[in-house]
Amino acid sequence: MANGGLGIAIGEAGIGSVLTKYPLRVPLNQRSYAWGESHVNTLLTDFSNALTGENKTYFLGTIVLTHSGDSKWEVADGQQRLATTAILISAIRDHLFFGSPNEKEAANKYTSNFLLEFDELSGEHVPKLRLNTEDNDFFVKNALLSPDHAEKGTAKVVTESHTRLAQAITICRAHVGKIIAQFAKPDQAKRLYEWVQFLRESAVIIEIRVPDHFNAYTLFETLNDRGLRASQADILKNYLFGKAQDRLGEVAPKWATMASVLESVDVDDLLLTYLRHYWISYNGPTVEKELAERIREKVTGRQQAVDMGIALAANATDYAALFAPLEHTGWKEYDKRTRAYLYLLMRVLQLEQIRPLLLAVIRHFHHSEATKAFKLFLSWSVRFLIAGGGGAGALDRHYGLRAKEVTEGAVKTAAVLSERMKTIVRTDAEFVEGMRRARVTKKHLARYYLRALELSKVGEPDADLGGVLEDTAALNLEHVIPLAPSEKWELPDEIVQGYSKRLGNMTLLDPAANVDIGNKAFTEKVLVYKASPLLITQEIAKSSQWGPDEIDARQAVMAATALDVWKL
């Protein structure tokens with residue numbers, strides 16, 4: 001099947017047969033072999049289960065191939081599965097090689113069909129699957145070469161990817177031993193032949209052939225598959241490296257520095273997210289599916305590739321620090337209060353859309369203006385969460401525009417930022433209305449809102465920090481109407497569903513007290529509320545009963561207080 005408009009061809013094939021059809025190579029600057037022991041063992045176990053089950057077909061997902069400049073096929077996605085399959089076939093080949101004449105003939109056939117082919121121009125056997133410059137020699141010498149070759153097993157472990165390749169080779173050899181262990185000697189070779197046939201015909205992949213790298217990038221975005229996001233980043237890296245030409249030595253170390261910094265953050269798929277957020281901070285709103293095209297439009301020569309490499313590395317440290325602002329050893333000019341605002345935005349409110357603007361402000365605002373901006377961002381964000389933000393697209397666009405303006409120097413103060421966002425930020429009236437009916441399903445947000453409201457009541461000047469610098473584990477979230485009330489409450493289900501997660505039905509309690517009162521009747525809970533040191537909890541005890549009217553009234557009071565906490 002093919003899509004003529006994009007030149008994309010899609011078909012079904014066994015993963016082994018992909019190795020037989022045409023020479024494949026991993027782009028020179030593609031990431032190295034990355035599968036550890038668990039990945040390899042999982043794949044082999046899945047293969048074994050499929051072979052012994054009634055349905056002997058096993059689906060391995062998609063493999064994406066792209067045309068390179070010399071019209072050869074490059075592996076845009078699928079390197080790990082293809083390389084591991086080749087290693088498994090090589091282990092089967094190695095065992096058969098020392099068997100009967102027929103078995104040795106089969107071994108030689110597997111070498112020429114799946115692993116190596118003779119290049120008459122060079123007079124050498126070249127791999128059917130060529131890995132990147134770091135891994136290929138190790139892969140060929142330690143796995144693909146025939147057991148009688150003089151260089152078989154001679155490549156030394158130098159890099160971490162070599163260690164992983166060596167582990168995969170050892171695991172696959174051991175797996176071959178397990179395959180034949182349960183069979184008598186005359187039947188062992190037959191079982192290995194069945195395995196190779198399974199890999200060629202029944203370990204099925206969807207093979208997608210794409211005419212160029214950027215169409216592959218767009219395809220990955222369309223598929224929206226988490227497993228493909230790393231390959232999208234690789235495509236962007238390969239493009240940047242290609243444009244660097246003879247200045248690759250300047251760009252490659254910068255990319256490596258950036259990748260190393262981001263890998264230290266325990267967040268899935270952060271590299272591609274960072275690339276887009278970095279790009280937005282310099283160039284304005286950019287959706288993920290347009291990122292590759294925008295980069296191709298602007299980065300057209302060596303100097304631009306070098307400049308982008310330098311900027312990527314420089315921005316990465318600040319971007320990574322956003323995920324641990326309280327512990328970050330840089331930012332000497334930022335005090336704990338400033339860092340606390342960043343912590344709330346990133347770790348408590350868990351906002352992603354605002355990251356390009358945060359990055360731009362950190363890199364370009366004077367630290368005193370940055371503190372004001374972060375406080376302002378917190379108020380915006382709470383208002384958006386409570387009263388809505390006009391849709392994710394609107395926020396992406398406005399935050400992206402502001403980030404670009406900050407980077408270009410058109411906006412240098414929090415006051416100007418506030419002015420330029422006033423058409424989208426929720427007004428006081430909208431915020432109050434939203435707060436009066438707010439239903440909060442995420443416990444960490446409810447705890448933050450309630451703690452901030454409490455601190456405002458006791459006169460804390462930085463109530464919007466919500467006590468983030470104190471031990472927030474000292475208080476538990478309490479639902480007055482329990483999420484699963486006992487019969488004592490005598491409430492219809494629609495009231496429980498509609499009001500139990502309203503902010504006005506929630507408060508904070510000492511953990512021990514929270515456990516003790518469980519879902520007891522309101523008359524019993526009141527005694528605990530009355531004894532609480534927290535004003536927002538004590539106030540509940542003034543009510544003689546608890547239901548929708550009381551929740552609405554309490555939430556109206558909260559809304560008035562909220563205006564003092566999250567100011568514009």
Side-chain angles (χ1 to χ4, degrees), residues 27-32 34 132-134 159-161 213 217 229-284 286 288 291-292 294-325 327-334 339 342 346 352 354-365 367 370 400 403-404 406-409:
L28 292 176
N29 300 304
Q30 183 90 287
R31 59 183 177 148
S32 301
N132 71 4
T133 49
E134 182 176 273
T159 67
E160 290 185 8
S161 58
H213 294 315
Y217 180 98
R229 288 175 62 82
S231 296
Q232 288 178 274
D234 283 336
I235 286 173
L236 295 176
K237 177 181 74 173
N238 292 337
Y239 177 77
L240 194 66
F241 284 12
K243 287 298 177 184
Q245 299 180 38
D246 59 348
R247 299 183 69 181
L248 179 60
E250 298 175 61
V251 177
K254 296 298 182 182
W255 184 282
T257 298
M258 170 199 71
S260 176
V261 168
L262 296 175
E263 284 171 4
S264 68
V265 181
D266 187 20
V267 176
D268 290 339
D269 301 319
L270 188 61
L271 178 54
L272 187 60
T273 303
Y274 165 69
L275 290 172
R276 187 170 77 91
H277 287 169
Y278 151 81
W279 188 261
I280 290 171
S281 72
Y282 281 79
N283 300 282
T286 309
E288 189 171 298
L291 178 60
R294 299 290 84 78
I295 290 175
R296 181 160 63 175
E297 290 171 355
K298 286 211 168 188
V299 181
T300 58
R302 284 175 292 185
Q303 187 59 52
Q304 290 159 320
V306 171
D307 291 343
M308 184 173 174
I310 293 170
L312 284 172
N315 282 265
T317 299
D318 287 321
Y319 190 82
L322 288 173
F323 295 87
E327 298 85 10
H328 181 47
T329 55
W331 298 342
K332 300 298 184 184
E333 67 276 17
Y334 288 174
R339 292 165 179 261
L342 287 170
M346 291 291 298
E352 180 177 318
I354 203 169
R355 287 184 209 165
L357 182 53
L358 290 175
L359 184 62
V361 167
I362 287 169
R363 295 193 62 79
H364 300 286
F365 267 26
H367 64 85
K404 182 174 184 283
V406 169
T407 298
E408 293 176 341

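The residues of the chain are indexed from 1 along the displayed sequence. Note that this is a predicted model, so its numbers are computed, not measured. Just so you know, these numbers use all the heavy atoms, side chains as well, and skip hydrogens, waters and symmetry mates.
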List the atom of R363, the atom of D318, and the distance in Å for their closest heavy-atom pair. NH1-OD2, 2.8 Å

Closest non-hydrogen atoms of V299 and Y239, given as atom of the first, atom of the second and distance, are O-OH, 2.8 Å

Using every non-hydrogen atom in the two residues, find where T286 and G284 come nearest and quote the distance to one decimal. OG1-O, 3.0 Å

Would you say the side-chain atoms of E352 and T273 include a donor-acceptor pair closer than 3.5 Å? no

Closest non-hydrogen atoms of A313 and M258, given as atom of the first, atom of the second and distance, are CA-CB, 4.2 Å

Quick one, E288 and L272 - any side-chain contact, counting heavy atoms below 4.5 Å? yes

Are V265 and Y319 side-chain neighbours, meaning at least one heavy-atom pair lies under 4.5 Å? no

Say you draw a straight line from CD1 of I362 to CG of L357; how long is it, rounded to the nearest 0.5 Å? 10.0 Å

Shortest non-hydrogen contact from V251 to A305? CG2-O, 3.8 Å

Can you check side chain to side chain contact (heavy atoms under 4.5 Å, CB included) on T317 and H328, steps first, answer last? CA-CA 10 Å; T317 299; H328 181 47; 4.2 Å; yes

Can we say K254 and E250 salt-bridge, meaning some charged N sits less than 4.0 Å from an Asp/Glu carboxylate O? no

Over 60° means perpendicular and under 30° means parallel, so classify the ring planes of Y334 and W331, tilted if in between. tilted

Would you sort out whether R339 and E327 count as a side chain to side chain contact (heavy atoms under 4.5 Å, CB included), showing the intermediate values? CA-CA 9 Å; R339 292 165 179 261; E327 298 85 10; over 6 Å; no

Would you give the length of the straight line joining atom CZ of R302 to atom CG of D307, rounded to the nearest 0.5 angstrom? 13.0 Å

I need the I295 CD1 to W279 CH2 distance, nearest 0.5 Å. 5.5 Å

Once rounded to the nearest 0.5 Å, what's the spacing between atom CG of L359 and atom OH of Y274? 6.5 Å

So does E160 have more than 12 non-hydrogen atoms from other groups sitting under 6.0 Å from CD? no

One should read off an interatomic distance between R355 CZ and I280 CD1, to the nearest 0.5 angstrom, of 11.0 Å

Side-chain contact, heavy-atom cut-off 4.5 Å: L262 with V267? no

Step through the shown structure and confirm whether more than 12 heavy atoms of other residues, nucleotides or ligands are within 6.0 Å of CG on D266. no

Where T407 and S281 come nearest, the two heavy atoms and their spacing: OG1-O, 2.5 Å

If you round to the nearest 0.5 Å, how far is CZ of R276 from CG of N283? 13.0 Å

